[in-house]
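Below is one structure, written out as C-alpha cells; the observations come after it.
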Amino acid sequence: MNNGLDDVVATETVMSDVDGLAGRLTIRGHSLDDLAASSRYEDLVGLLLDGFVAGLAQSEELAADLGEARTRVFEQLVPACAGLGPLSVTEALRAALAQLADGEDAATALRLVAAPAVLVPAIVRLRRGQAPIAPDAGAGHAADMLRMLRGADARPAEAAALDIYLVTVSDHGLNASTFAARVVASTHAGLTSSVLAALSALKGPLHGGAPGPVLDMLDAIAATGDAEAWLEAALDRGERLMGFGHRVYRVRDPRAEALKRSVQRLFASGGEGTGRLALAEGVEAAATRILARRKPDRPLQINVEFYTALLLEALGFPRESFTGVFAAGRVAGWIGHAREQALYGRLIRPQSRYVGPLPDRAA
Ligand code: ACO
C-alpha cells in the first residue's frame with residue numbers, strides 16, 4: 001500500500017501552491033521568484049498570517065513588533081538554553097520553544113516566529129562556550145539573526161542573502177511538517193503545540209535535516225577529487241544523494257534556483273568560498289547526469305537543500321544548526337496553516353484499513 005498519501009488532497013488552502021510539473025511555487029498569490037527578488041522576511045510574515053491572526057499589525061509596525069518579540073524571547077527563553085548541552089541544536093530549539101505557553105493571539109504568533117531566529121544563534125554560541133547576544137529590536141530580522149550569531153554586524157549582502165533564504169522557505173504546500181502543524185491545530189491545542197509538532201517533523205533527514213549531510217557529501221567528494229566515482233559508488237551502495245529528489249517536483253525545484261542565484265550573488269559580493277561553489281556546481285552537474293542515466297523513470301534534480309547548504313555555510317552557520325535556520329523561515333508558514341486549520345477546518349481524523357490478524361474465535 002502507498003502510505004505516503006502522494007495523491008491525496010487533504011485540505012483546501014489559500015496559503016501556497018506547489019506546481020510540481022511546471023516547477024512553480026505560489027505563496028498567497030505571489031510567485032516565489034517575485035517574492036525572493038523583492039521581499040523582506042517581515043513582509044512574508046505579514047503576508048502569510050494576513051487574516052488568520054487577530055490584531056496583527058502590518059508593514060513597518062509589524063517589523064517593529066517582531067523586533068520586540070525577539071527581545072521578549074531572548075529574555076524569556078534563552079536563560080534556560082544554557083542547561084541543554086547534550087541535545088542537538090534542533091532538539092535544544094524544541095526544548096526551549098516548549099517553554100512558551102499555548103495561545104492563538106498575535107503576541108504568541110510573533111513570539112513563535114521570532115523564537116528560532118533568536119534561539120538558534122544563542123544555542124550555537126552556548127555550545128561554543130560563548131555568551132548569547134541580545135537582539136536589536138530595531139534591526140531587520142535577518143540582519144539581527146546574523147548579528148546574534150556572530151557578535152558583529154553582517155554585510156548588507158549577507159543580510160540580504162539570509163532574507164532571501166528565509167523568504168524562499170517560508171511556505172511550501174502540505175509538506176510533512178506543515179501537515180503535522182495542521183493535524184495538531186485541528187484539535188485546537190494551540191499554536192505552540194502546532195509549531196513543536198512541525199519542528200519535530202522537520203528534523204528528519206528526509207525533510208529539513210538534509211542540508212548538513214549535503215556538506216558532508218561535498219567534503220567527501222572534495223577529499224577524493226573524483227565526483228563521478230564517488231557518486232556512482234554511493235548509489236551502488238544504495239545510498240540517496242542528499243539535496244536531490246523531491247516528492248512533488250518533477251522538474252527543478254524553483255527554490256533551488258532562487259537559492260543558487262543568491263549564493264552566486266553572495267560569493268560575487270566578496271564572500272569567501274568560491275572554490276566551494278565551483279565544487280557544488282560540478283557535483284550538481286555530475287549527479288544530475290548520473291541520476292538521469294540510473295533512474296530514467298524518476299526525474300531527480302537538486303532540491304531546496306542543496307544550495308541552502310552552501311548559503312548557510314557561507315553565512316557562518318555551523319551545519320548542525322541548518323535545520324533550526326530552516327525552521328526560522330518555515331515557522332511563519334506553519335503558523336498561517338495552523339490558524340487556517342483552526343479557523344476553517346475540522347478535526348483531522350482519517351481512517352486506516354486493518355490488515356493484522358483477527359482474534360481467534362475458535363474457543
Ligand atoms: N538519490 C538517489 N535516488 C533517489 C533519491 C536521491 N536523492 N531520491 C529518490 N531516489 C530514488 C529512490 O531510490 C527510488 O528509486 P527506486 O524506485 O529505484 O527504488 C525513486 O527515486 C523514488 O523514490 P521515493 O522514495 O519514492 O521518492 P520520494 O518521493 O519518497 O522521495 C525524497 C522524496 C524523500 C525527498 C527523496 O528524494 C530523498 O530521500 N532525497 C534525499 C534527501 C533530501 O534531499 N531531503 C530534502 C527534501 S526537500 C525538503 O523536504 C525541504
Side-chain angles (χ1 to χ4, degrees), residues 25 27 31-44 89 116-117 120-121 124-125 133 136 139-170 172 208 210-219 221-222 242-244 252-285 287-288 301-330:
L25 170 59
I27 299 179
S31 79
L32 172 69
D33 290 345
D34 290 347
L35 292 172
S38 62
S39 303
R40 298 173 306 169
Y41 186 64
E42 289 88 328
D43 303 328
L44 258 285
V89 175
V120 171
V124 167
R125 290 183 67 85
I133 292 169
D136 171 0
H141 193 69
D144 205 22
M145 189 172 178
L146 286 174
R147 201 184 57 78
M148 286 186 274
L149 178 74
R150 301 169 177 183
D153 284 341
R155 292 187 293 119
E158 293 174 317
L162 183 59
D163 234 336
I164 289 171
Y165 170 72
L166 297 175
V167 165
T168 298
V169 301
S170 62
H172 198 239
V214 169
L215 290 186
D216 298 340
M217 177 176 81
L218 292 179
D219 286 346
I221 291 173
M242 287 293 134
F244 287 81
R252 204 156 192 241
D253 182 337
R255 301 168 302 168
E257 203 57 67
L259 292 179
K260 184 174 184 178
R261 280 195 300 270
S262 177
V263 172
Q264 288 168 334
R265 263 198 309 274
L266 180 64
F267 286 144
S269 79
E272 289 169 13
T274 35
R276 194 70 151 164
L277 178 59
L279 171 71
E281 287 175 337
V283 169
E284 179 194 352
T288 309
Q301 304 197 30
I302 52 167
N303 60 43
V304 65
E305 306 277 31
F306 191 78
Y307 283 102
T308 288
L310 258 72
L311 186 72
L312 298 187
E313 181 185 52
L315 292 176
F317 288 101
R319 59 189 75 178
E320 66 272 16
S321 71
F322 288 179
T323 307
V325 186
F326 191 154
R330 182 57 60 83

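These values consider heavy atoms only, across backbone and side chains, with no hydrogens, waters or symmetry-generated copies.
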Scanning both residues in full, the closest heavy-atom pair of His141 with Glu42 reads N-OE2, 2.8 Å
What's the verdict on side-chain contact (heavy atoms from CB on, under 4.5 Å) for Thr323 and Val89, showing C-alpha distance, side-chain angles and the deciding distance? CA-CA 8 Å; Thr323 307; Val89 175; over 6 Å; no
A side-chain contact here means heavy atoms from C-beta on lying under 4.5 Å apart; do Phe326 and Leu312 qualify? no
Kindly indicate whether the side chain of Thr168, heavy atoms from C-beta on, has any atom under 4.5 Å from the side chain of Leu32.
yes
So OG1 of Thr308 and CD of Glu313: to nearest 0.5 Å the spacing works out to 12.5 Å
Heavy atoms of Met242 and Val214 approach each other most closely as O-CG2, 3.5 Å
CD (Glu284) and CZ (Arg252) are apart, to the nearest 0.5 Å, by 4.5 Å
Query - Beyond-backbone contact of Arg150 with Arg125, side-chain heavy atoms, under 4.5 angstrom - result: no
*asked:* In the structure I gave you, are the side-chain heavy atoms of Leu44 and Leu35 within less than 4.5 Å of one another anywhere?
replied: yes
Exercise. Does a side-chain N-to-carboxylate-O contact under 4.0 Å join Arg255 and Asp33?
Worked result: no
Closer than 3.5 angstrom, by distance alone: can the side chain of Asp163 be matched with the main-chain N or O of Arg40 as a donor-acceptor pair? no
Residue set satisfying side-chain contact (heavy atoms from CB on, under 4.5 Å) with Pro156, at least two apart, ordered chain then number -> none
Original post:
Going by an N to O cut-off under 4.0 Å, is there a salt bridge joining Asp219 and Arg276?
Top reply: yes
Begin from the C-alpha positions of Phe317 and Val124 and carry the test side-chain contact (heavy atoms from CB on, under 4.5 Å) through to its verdict.
CA-CA 8 Å; Phe317 288 101; Val124 167; 5.7 Å; no
Those residues at least two apart in sequence (or on a different chain) that pass ring pair (Phe, Tyr, Trp, His ring centres under 6.0 Å) with Phe306 are Phe244
### Query
So do Glu257 and Tyr307 actually touch side chain to side chain, heavy atoms under 4.5 Å?
no
Heavy-atom nearest pair, Pro116 first then Ala328, reads CB-CA, 3.6 Å
On a heavy-atom basis, the closest approach of Pro318 and Ser321 is O-OG, 2.7 Å
Looking only at heavy atoms, the pair that brings Leu277 and Leu310 closest together is CA-CD2, 3.7 Å
Please assess Arg330 against Leu166 for the test side-chain contact (heavy atoms from CB on, under 4.5 Å), listing each intermediate value before the final yes or no.
CA-CA 7 Å; Arg330 182 57 60 83; Leu166 297 175; over 6 Å; no
Can any side-chain N or O of Asp253 pair as donor or acceptor with the backbone N or O of Val304 at less than 3.5 Å? yes
For Ala157 and Ser269, the nearest pair of non-hydrogen atoms, with its separation, is CB-OG, 3.5 Å
Sorted by chain and number, sequence neighbours left out, side chain to side chain donor-acceptor pair (under 3.5 Å) with Arg261 holds for none
Within the structure provided, determine whether Val325 and Leu162 are in side-chain contact (heavy-atom separation under 4.5 Å).
yes
**Item:** 4.5 Å side-chain heavy-atom contact, Tyr41 and Ser170
**Value:** yes
- Task: Evaluate the side-chain proximity of Leu266 to Leu315: yes if any heavy-atom separation is below 4.5 Å, no if none is.
- Result: yes
Please determine if Arg147 and Glu158 form a salt bridge, counting it only when a charged side-chain N lies under 4.0 Å from a carboxylate O. no
